[in-house]
Amino acid sequence: MPSRLFRGILLLGAALCAAGASSACQPQSEPSSKTLYYFTWSDYVGPGLLESFEQQTGAKVVVDTFSSNEELLAKLQSGASGYDVTVPSDFMVSVMMKQGLLAELDPAKIPNAGRLAKGLEKLPVDPEHRFSMPYLWGTVGIGYDSGAIPTPPDSWSVLWDERYKGKISMLNDQREVFGAVLRSMGQSMNTRDPAIIEQAKARLLKQKPLVKTYTSDHFDHLLASGEVVLAHGWGGPVARAMALKPSIKYVVPKEGATIWADCLVIPRTSRNKELAMQFINYLLDREVAARTSERLLFASANREAKALVKASVRDNPAVYPDEATLGHLEWMLDVGDALRSYDRAWTELKMK
Amino acid sequence: MKSLARHRRGLLPASLANLVFLYAPIVVLIVFSFNAARLPTAWEGFSLQWYVLLVRDHALAAALQNSVLIAAVSTVIATLLGVSAAVGLERLPWRRRVWLEGALLLPLVIPEVMMGVALLLLFVLVKMPLGLLTVTIGHAAFNVPVVLVIVRSRLHKLDPQLEEAARDLGATPWRAFRRVTLPLLQPAIVGAALLAFTVSLDDFVVTFFTAGPGATTLPLKVYSMIKTGISPEINALSTILVLASMGLVGLSLLFQRKRVHA
Amino acid sequence: MTTDSTGSRTNVCHRAWVLVPALIWMGLFFFLPLLIVLLISFASRGTYGGVEWTFTLANYRDLADPLYLWIYLRSCALALATTGLCLCLGFPLAYYIAGEPARRQGIWLMLVLIPFWTNFLVRTYAWMDVLRTDGLLNTVSMGAGLTSDPIEILYTDAAVLIGLVYGYLPFMVLPLYAAIERMDRSLIEAARDLYAPGWAVFVRVIVPLAKPGIVAGCLLVFTPSLGAYITPDLLGGARSMMIGNFIQHEYLVVRDWPLGSAASFVLMAMVSAGVWAYQRAGGERLL
């Protein structure tokens with residue numbers, strides 16, 4: 001091979017190396033006012049939602065995603081420190097507050113934080129919104145194919161029904177799965193009693209042979225394609241599946257389920273707190289919130305946004321929980337040290 | 001040899017079956033990337049729409065950029081280190097050489113998960129923020145053995161007397177190396193670099209543990225797409241990746257086999 | 001300039017230092033991290049994750065718990081099954097290739113290797129596509145009338161097994177081919193000339209002669225399958241987990257780094273045992 005070519009390749013490599021070194025060093029050392037790093041749920045990414053922010057501020061938004069609160073916490077704890085805005089769930093906000101991971105918000109910079117939607121007034125975490133702003137909220141329930149299930153289910157126990165063996169999917173989320181089984185047992189999903197957690201684990205182990213897969217990401221696809229007929233999940237993705245297959249319906253079991261609110265926070269290590277607050281303000285704007293709600297099929301925490309959402313979305317109980325359901329919902333809380341019992345039980349469930 | 005031939009003919013169907021097993025999934029993948037239907041249940045006609053969708057995807061373009069950048073930088077580092085290690089090892093007395101070589105080749109053997117978490121812990125302890133830099137470091141680390149193995153095997157086959165002859169004729173050791181050994185090694189070096197580049201482009205596990213904000217690479221993106229559900233877009237992306245990998249490795253092997261012109 | 005022993009020692013001094021940059025880099029970014037993992041495996045866990053530097057053997061003790069032992073056993077079982085299947089599938093193929101004329105051998109080996117060089121994620125995804133309820137497998141088997149209900153194979157151990165065999169088959173075929181190629185064919189001929197039945201020729205002559213290749217192939221398949229991550233993650237549906245997934249689970253879900261580190265080290269020990277056994281069995285260099 002001609003040595004010229006060889007030298008050329010070496011030079012090209014060196015040039016790329018230099019370019020790489022300079023661009024790799026940049027985000028670490030200088031605060032770039034032009035890029036916002038947004039770490040959010042994989043369900044919260046959709047087309048056409050961030051462009052006008054990018055146009056208004058001239059900033060670029062780089063989006064990374066996660067699919068569970070534990071994953072978020074693990075990433076933040078292991079030094080993924082460049083994120084400017086992230087979206088933990090309510091109980092995870094309190095964990096992060098306790099660990100000092102969050103930066104304080106300046107309400108003057110977030111004028112769009114309007115009144116909260118009905119149902120969110122009792123949000124137990126950070127009531128003064130010093131560190132977090134509720135963004136999207138909803139319930140957890142069961143998505144089911146009414147074509148395959150003769151009587152509409154109304155209880156968690158349908159997920160333990162032998163008739164649907166191999167056609168059930170559960171969330172891949174420790175607290176949610178335990179929440180479901182604990183409620184089905186008539187217990188609080190925030191119990192700290194190890195004996196009760198053991199019983200819950202035993203029930204889950206009995207259920208495991210019936211479960212096709214544990215997934216937080218694609219149970220909507222599984223429902224729509226008919227691979228599962230019962231899916232434990234958040235309302236939003238079930239609403240997505242409804243659009244693909246009209247026989248899909250959503251129910252919040254009568255024993256009670258989770259009410260959740262995902263909140264926008266700024267990690268303390270963010271280098272762009274001003275821009276981050278602008279971004280939060282943008283997301284909470286009435287119009288933007290309404291559009292977000294319609295595209296992503298989740299309920300907006302902003303009360304005024306609801307009026308602007310089109311009727312088909314607003315009246316869908318999978319998206320906007322109705323009055324009747326609001327009665328038997330429970331907020332998930334941080335369980336402190338008892339988390340270890342949950343951790344171990346969850347590991348055992350996954351590994352057996 | 002007649003008995004052997006009869007013996008073997010019976011194995012042809014089994015061997016072909018093996019090949020079918022090896023290629024069928026990939027072929028299915030490629031074929032369905034051209035399927036017009038969204039839900040991959042039936043064939044609904046030939047279409048390039050998924051490829052078009054890929055081209056328009058900004059996040060994907062950013063991931064590709066990251067992947068190429070990381071691959072380029074880590075390959076250069078790994079090649080420099082690997083070649084120097086190969087040359088250095090050759091000059092060592094046999095005993096020490098075996099040990100050191102074994103140590104340097106260790107990353108090829110240990111599970112990737114271990115390497116990923118080990119690097120993660122290192123970065124956490126020294127409080128280095130995760131990002132493009134940390135991923136690049138990790139890639140350079142596991143690519144050094146890749147380069148080392150290929151260059152070493154070529155170096156091993158070279159006649160040591162060539163370089164000695166050059167020095168006998170008055171050249172300094174460096175000059176002898178540069179003018180005699182290095183050109184002879186060129187094909188192996190380029191081949192090794194191409195292979196390292198491909199390995200870096202394709203890496204998932206180590207990247208998964210060491211990536212941070214804005215450091216999403218193509219495999220990471222593919223992984224999150226897969227988690228969100230099977231779809232023809234992934235098929236299209238996979239097809240491109242398959243063809244790219246095959247192309248790069250083919251090039252690499254071509255370089256390694258070339259005869260060097262004196 | 002002489003080429004005697006003094007000359008070559010000067011050579012060593014001159015040239016061996018070139019090794020140093022590589023040693024430093026690998027020392028810093030490979031051996032040091034492994035050392036850190038070892039150290040952390042003796043530390044304790046903070047309440048919400050993270051590390052508290054108090055020395056304890058509790059992590060290793062915990063691993064002796066039946067739950068965790070079960071994970072290692074399962075992984076070993078899956079890895080063994082993978083090895084066995086690879087052997088059954090790979091041996092005929094290797095034998096066939098070894099008997100081909102030299103140029104065609106190259107082509108066959110190429111064909112075996114090419115899928116191996118593509119992205120592992122993509123290959124695993126390809127199997128997800130084939131094995132799902134309305135994927136190719138079910139379409140073909142139901143269409144051909146072999147089954148009336150779809151075979152639910154995705155997200156089971158069987159799917160993980162298929163994925164592992166698929167991924168590591170070349171690691172079995174190559175060493176087998178190398179060993180068979182070197183076999184003395186006249187011995188097989190001799191056995192046949194002595195009227196030995198086919199199976200006897202196989203068991204008494206071919207297998208013992210190919211033993212180095214068999215041993216190498218088995219170890220080369222067993223070791224990486226033990227530490228597999230992507231295959232059980234994607235094809236297992238978060239219900240069919242192996243050690244690699246367990247380690248990820250401990251680090252990124254439960255955030256118990258000390259336990260995860262201890263688990264990693266036990267895996268490392270198992271892998272090292274495999275490699276050591278390979279060396280002892282007269283490990284052949286593949287490259």
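Because the structure is predicted, anything quoted here is derived from the model rather than measured. Chain letters run A, B, ... following the sequence lines, proteins first and then strands; every chain starts at 1.
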*Please flag which part of C:Leu267 lies under 4.5 Å from any non-hydrogen atom of chain B: side chain, backbone, both or neither.*
side chain
*If you count the non-hydrogen atoms of other residues, nucleotides and ligands that lie under 6.0 Å from CH2 in B:Trp99, is the total more than 12?*
no
_Just checking C:Phe30 against B:Phe142, ring centres under 6.0 Å apart?_
no
*Short question: side chain of C:Arg123, backbone of C:Pro115 - any donor-acceptor pair under 3.5 Å?*
yes
*asked:* Counting heavy-atom pairs closer than 4.5 Å to chain C, which one of B:Ala14, B:Gly250, B:Pro219 comes out on top?
replied: B:Pro219
*Contact part of B:Val249 toward chain C, heavy-atom cut-off under 4.5 Å: side chain, backbone, both or neither?*
side chain
*Non-hydrogen atoms of chain B under 4.5 Å away: do they reach the side chain of C:Asp233, the backbone, both or neither?*
both
_Please classify the contact between C:Met26 and chain B as side chain, backbone, both or neither, with a heavy-atom cut-off of under 4.5 Å._
side chain
_At a heavy-atom distance under 4.5 Å, which candidate from B:Pro111, B:Pro25, B:Ala17, B:Gly116 has the highest pair count against chain C?_
B:Pro25
*What part of C:Phe120 gets closer than 4.5 Å to chain B, counting heavy atoms only: side chain, backbone, both or neither?*
neither
_Taking side chain as everything from C-beta outward and backbone as N, CA, C, O, which of these in C:Leu28 sits under 4.5 Å from a heavy atom of chain B? Side chain, backbone, both or neither._
backbone
_Out of B:Val124, B:Val205, B:Ile234, return the one with the most heavy atom pairs under 4.5 angstrom to chain C._
B:Ile234
*Of all of B:Leu125, B:Leu16, B:Val222, which one pairs up most often with chain C through heavy atoms under 4.5 Å apart?*
B:Leu125
*Engaged part of C:Leu89 at the chain B interface, taking heavy atoms whose separation is under 4.5 Å*: both
*Is chain B contacted by the side chain of C:Tyr96, its backbone, both, or neither, given a heavy-atom distance below 4.5 Å?*
both
*Do the two ring centres, one from C:Trp108 and one from C:Tyr177, sit under 6.0 Å apart?*
no
_chain B contact via C:Leu34 - side chain, backbone, both or neither, heavy atoms under 4.5 Å_ = both
*Highest number of heavy-atom pairs under 4.5 Å with chain C: which of B:Val144, B:Val117, B:Val242?*
B:Val117
*Would you check if the side chain of C:Tyr95 reaches a backbone N or O of C:Ile180 as a donor-acceptor pair within less than 3.5 Å?*
no
*Considering only heavy atoms, which portion of C:Pro224 lies under 4.5 Å from any heavy atom of chain B: side chain, backbone, both, or neither?*
neither
*Can you tell which of B:Leu100, B:Val27, B:Ile30, B:Asn235 has the highest number of heavy-atom pairs within less than 4.5 Å of chain C?*
B:Asn235
*To the nearest 0.5 angstrom, please state how far the CG atom of B:Leu121 sits from the OG1 atom of B:Thr210.*
12.0 Å
